[in-house]
Student: 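This is the structure I want to talk about, given as structure tokens.
Remember, it's 1-based here, ligands and their atoms both numbered in the order they're listed.
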Amino acid sequence: MLKGIRKNLKKAAMVFCLCFIALIGLAGCEKRGLLKEAKSGLSQFSATGLSNLKINETNYGTLAYQYLEYIQENYPGRIAGSEREREMAVFILRVLLDGGFPEENLRVQTFQTEENAAPVQAEEEGASFDGGKIIGSSHNIEVTINGESEKTILVGAHYDSAGTHGVDDNGSGVEVLLESALRMCSGRPPYTIRYVFFGAEETGMNGSRTYVEKLSQEEKENLLFMINVDSVLAGDIPYLYGGTVGEDGKVEDTWAVEAAYEIAQKLGLKIQLPPEDNPDYPFPTGQRRSNHAPFADVGIPYVYFEANQWEQGNPAETGKFGTIMHTEMDDLDFIDQTFPGRAQSTLAAYSELLQEILENGLAQ
Ligand SMILES: [Zn+2]
């Protein structure tokens with residue numbers, strides 16, 4: 001009897017210890033924290049009505065636009081490292097979980113945002129929204145769809161903003177990715193697809209730099225190319241960029257953007273390459289203006305989707321109002337009123353192109 005009690009006590013102590021260790025593990029693991037938070041609010045998410053929206057096989061951009069309306073209302077001011085940015089990360093996870101992605105296909109990578117690194121524009125011109133308390137950490141969210149091959153296409157978009165509504169920069173890219181992920185969720189594509197929602201781009205590409213630094217050699221070797229979707233809503237013309245400037249000053253590694261452009265033309269999409277012979281901006285690169293740059297630095301080819309206006313020789317975004325991103329004009333109501341139908345048609349064109357690339361890859 002006594003022996004039995006002692007045994008039970010021992011057992012109880014062991015269980016207690018294990019629970020305690022597990023709890024400490026959980027508390028110290030932000031990854032689980034964010035996923036846990038996303039999971040626990042799934043019923044809340046259903047109540048938004050967003051989970052009833054069904055993906056339409058060919059109605060490109062429709063779901064993306066509906067999500068964008070929700071972001072406009074609920075997640076303005078997503079400054080890197082702020083509470084609002086974190087809320088947006090939870091929203092992205094909820095959309096993915098609700099859309100049927102198993103938890104094991106999701107990964108959250110947590111990193112510290114750089115000290116005092118506020119988005120340039122937010123600091124200079126005063127952000128429209130402050131984003132809430134700065135908590136100093138941010139997250140990359142990755143979702144993987146296993147394909148027939150381990151060779152991987154990575155599609156990325158940042159979800160932080162410069163203290164604005166950030167529907168153009170870069171709610172639009174996030175929603176193109178989410179719509180695409182839900183469309184591809186149940187199939188088995190020829191290549192493995194990895195969608196990455198980067199945190200903290202506006203503070204100097206913190207998120208994508210962290211992500212590339214942590215890639216293993218094998219992961220790098222498996223990466224065929226990267227598609228960066230950043231600000232595809234307000235600009236006058238949808239563009240594709242790619243290629244890097246080599247040591248001899250010549251642009252190299254442009255096969256991915258050339259192949260993507262050929263597909264766009266075949267589909268009859270009004271997507272262009274930037275103007276040639278611009279001495280300040282080597283054709284057809286996207287310079288170092290967004291998250292493709294850290295990938296290009298380690299030799300991974302990229303295609304960069306961005307709507308802009310290059311006819312005057314610099315990235316003016318719109319002929320009518322100049323730059324929309326990083327200003328108070330980055331607001332869905334303003335963009336819709338000023339350019340009726342633009343948001344829908346641009347989202348549709350890029351979504352269709354992305355789908356075609358993910359289904360068939362790019363010919364090298
Ligand atoms: Zn951006």
Student: Less than 4.0 angstrom from a charged side-chain N to a carboxylate O is my criterion; do D236 and R342 meet it?
Tutor: yes

Student: I'd like to know if E87 and R84 make a salt bridge, using a cut-off of under 4.0 Å between side-chain N and carboxylate O.
Tutor: yes

Student: Does any N, O or S atom in D230 come within less than 2.8 Å of the Zn ion (ligand 1)?
Tutor: yes

Student: Do H165 and F129 make the cut of ring centroids closer than 6.0 angstrom?
Tutor: yes

Student: With a 4.0 Å cut-off, would you call K266 and E356 a salt bridge?
Tutor: no

Student: Of all the N, O or S atoms in D169, which has the shortest distance to the Zn ion (ligand 1)?
Tutor: OD1

Student: Would you say E202 has an N, O or S atom lying under 2.8 Å from the Zn ion (ligand 1)?
Tutor: no

